[in-house]
Amino acid sequence: MKEIVSGNFNIADIAESGQCFRLTPLGRGEYRTVANGRVLTVSHSDAGARLDCDDADYEGLWSEYFDMGTDYSAFSADIPKEDVFLTKAAEFGKGIRILRQDPWEMLVSFIISQRKSIPAIRSSIEQLCDRYGMEIAAGIHAFPTPQALAKLPLERLNACSLGYRSEYVSAASRMVDGGALDLGAIGKLGDEELMGALLSVRGVGVKVAGCVMLFGYHRLAAFPRDVWINRIIDSEYGGSFDAEPYKGYAGVIQQYMFYYARSTAHRPLSFVKACDDRI
DNA sequence: AAGCAGGGGACGT
DNA sequence: ACGTCCCCTGCT
């Protein structure tokens, strides 16, 4: 058991921020994540969060995964007070951290995400993992390897509700498995070049590539624009938002905007009220 | 039960 | 730059 004392670590905020699909609520404020070929249970504590792991695993594995080396309070401190929306959004989402997730898992997950709602994305990914991922604990499976997916006939992928995305996932798997796309090597490229390399994958456009950069390669300058972000830019910023002032951590700003907008829109009134109470 | 909102990219022009 | 097609899931 490892307790993390930080005002900038809230596992519920992280789970709802749209960056991960395998961090799931177990009830009673507990969450389970599957990453690094391991399973981890995380719960709230008064001071921050409680991780169900020992010191060695924390130091060797989870500290990195939860990006504990980054000071998130510094980001919100930089937001100008005149930007009322962003100031509120950052306060609301202050428990968000950008997880350091696996590039391969992010690539496939965000290819699948296109034209799907978050519950639908989660469902597809769970089916893929349950059927083709290695069992790492009772009933819990790791994300499938490129090799495992590369050899599947399209019908197997279709059966996981991938729809027209099956061909994209299959092709990407074969690219990575065959060495045509080296996810480790492109991680050494600069932001522009990395974007270019990701865009060369069929089924990957600017938005998906941005998500892979931000969540799989921890390129905090990436600012993926999805329908929620565009909606905010329209309603709060008159149709154009300049992420330039936040260069270096625009992706963190994106997360605050996304999480705040989704939490206040189309939710039960009780939830919205609870949100207001926190500000 | 049935109707409907939700969600990016490829490709052709 | 813009229009069209892809076509199913989860929620109400």
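Below, read A as the first sequence line, B as the second, and so on, with proteins coming before strands; counting in each chain starts at 1.
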Non-neighbouring partners of A:A47 that pass side chain to side chain contact (heavy atoms under 4.5 Å, CB included), sequence neighbours left out: A:E3, A:V5, A:S45
On a whole-Å scale, what distance lies between the C1' atoms belonging to C:dC5 and B:dG7? 15 Å
Expressed in whole Å, how much space separates the C1' atoms belonging to C:dC11 and B:dA1? 13 Å
Applying side chain to side chain contact (heavy atoms under 4.5 Å, CB included), name anything that partners A:D71, two or more places apart in sequence or on another chain. A:S73, A:A74
Salt-bridged, A:D52 to A:K2, with N to O below 4.0 Å? no
Quick check: A:Y246 with A:F75 (ring centres under 6.0 Å apart)? no
Separation of B:dG6 P from A:I112 CD1 (nearest whole Å): 22 Å
Protein-nucleotides 1-3 of chain C N/O pairs under 3.5 Å:
none

Secondary structure of DNA chain C per the Watson-Crick/G-U criterion (both distances under 3.5 Å; [ ] crossing, | other strand, . unpaired) is ||||||.|||||
Kindly state each residue pair satisfying side chain to side chain donor-acceptor pair (under 3.5 Å) with at least one member in residues 187-216 of chain A, sequence neighbours excluded. A:D191-A:R219
What string of B, S and - do you get for nucleotides 7-12 of chain C, 5' to 3', when a contact is any protein heavy atom under 4.0 Å? --SS--
Which residues pass the side chain to side chain contact (heavy atoms under 4.5 Å, CB included) test with A:S117, sequence neighbours left out? A:P119, A:A120
With sequence neighbours excluded, residues passing side chain to side chain donor-acceptor pair (under 3.5 Å) with A:T87: none
Applying side chain to side chain donor-acceptor pair (under 3.5 Å), name anything that partners A:R122, two or more places apart in sequence or on another chain. none
Would you mind reading off the distance between A:L107 atom CG and B:dG9 atom C1', rounded to a whole angstrom? 14 Å
Sticking with atom C1', work out how far C:dC7 lies from B:dC4, rounded to a whole angstrom. 14 Å
Is any side-chain N or O of A:R225 closer than 4.0 Å to OP1 or OP2 of B:dG7? no
Rounding to an integer number of angstrom, what distance separates B:dA10 and C:dT9 when you compare their P atoms? 22 Å
Send over the distance from A:K207 NZ to B:dG9 C1', rounded to a whole Å. 12 Å
For B:dG6 and A:W228 - does any side-chain N or O of the residue sit under 4.0 Å from the phosphate oxygens OP1/OP2? no
Would you kindly give the CZ-to-C1' distance between A:R165 and C:dC5, to the nearest whole Å? 13 Å
Suppose we screen for side chain to side chain contact (heavy atoms under 4.5 Å, CB included). Which residues come up paired with A:P144, at least two apart in sequence or across chains? A:L128, A:C129, A:Y132, A:A148, A:L149
Round to a whole Å and report the spacing from CD1 of A:I229 to C1' of B:dG6. 16 Å
Run the numbers on A:F21 and A:F110 for ring-ring contact (aromatic ring centres under 6.0 Å, His included), then give the verdict. CA-CA 10 Å; A:F21 304 106; A:F110 283 98; 5.3 Å; yes
CZ of A:R231 versus P of B:dA5: gap in Å, rounded? 12 Å
Hydrophobic cluster mates of A:L40, side-chain heavy atoms under 4.5 angstrom, ILVMFWY only, any path? A:I4, A:F9, A:I11, A:I14, A:L23, A:Y31, A:V42, A:L51, A:Y58, A:L61, A:W62, A:Y65, A:F66, A:M68, A:L99
Is there a side-chain polar atom (N or O) of A:R262 under 4.0 Å from OP1 or OP2 of B:dG6? no
Grab the CG-P distance between A:N230 and B:dG7 for me, whole Å please. 12 Å
Expressed as a whole number of angstroms, how long is the span from A:L162:CG to B:dG9:C1'? 15 Å
With a 3.5 Å cut-off and sequence neighbours excluded, list the donor-acceptor pairs that the side chains of residues 158-169 of chain A form with protein atoms.
from	atom 1	to	atom 2	distance (Å)
A:N158	OD1	A:S166	OG	2.7
A:N158	ND2	A:L154	O	3.4
A:R165	NE	A:I112	O	3.2
A:R165	NE	A:Q114	O	2.8
A:R165	NH1	A:L162	O	2.8
A:R165	NH2	A:Q114	O	2.9
A:R165	NH2	A:R115	O	3.2
A:S166	OG	A:N158	N	3.3
A:S166	OG	A:G163	O	3.2

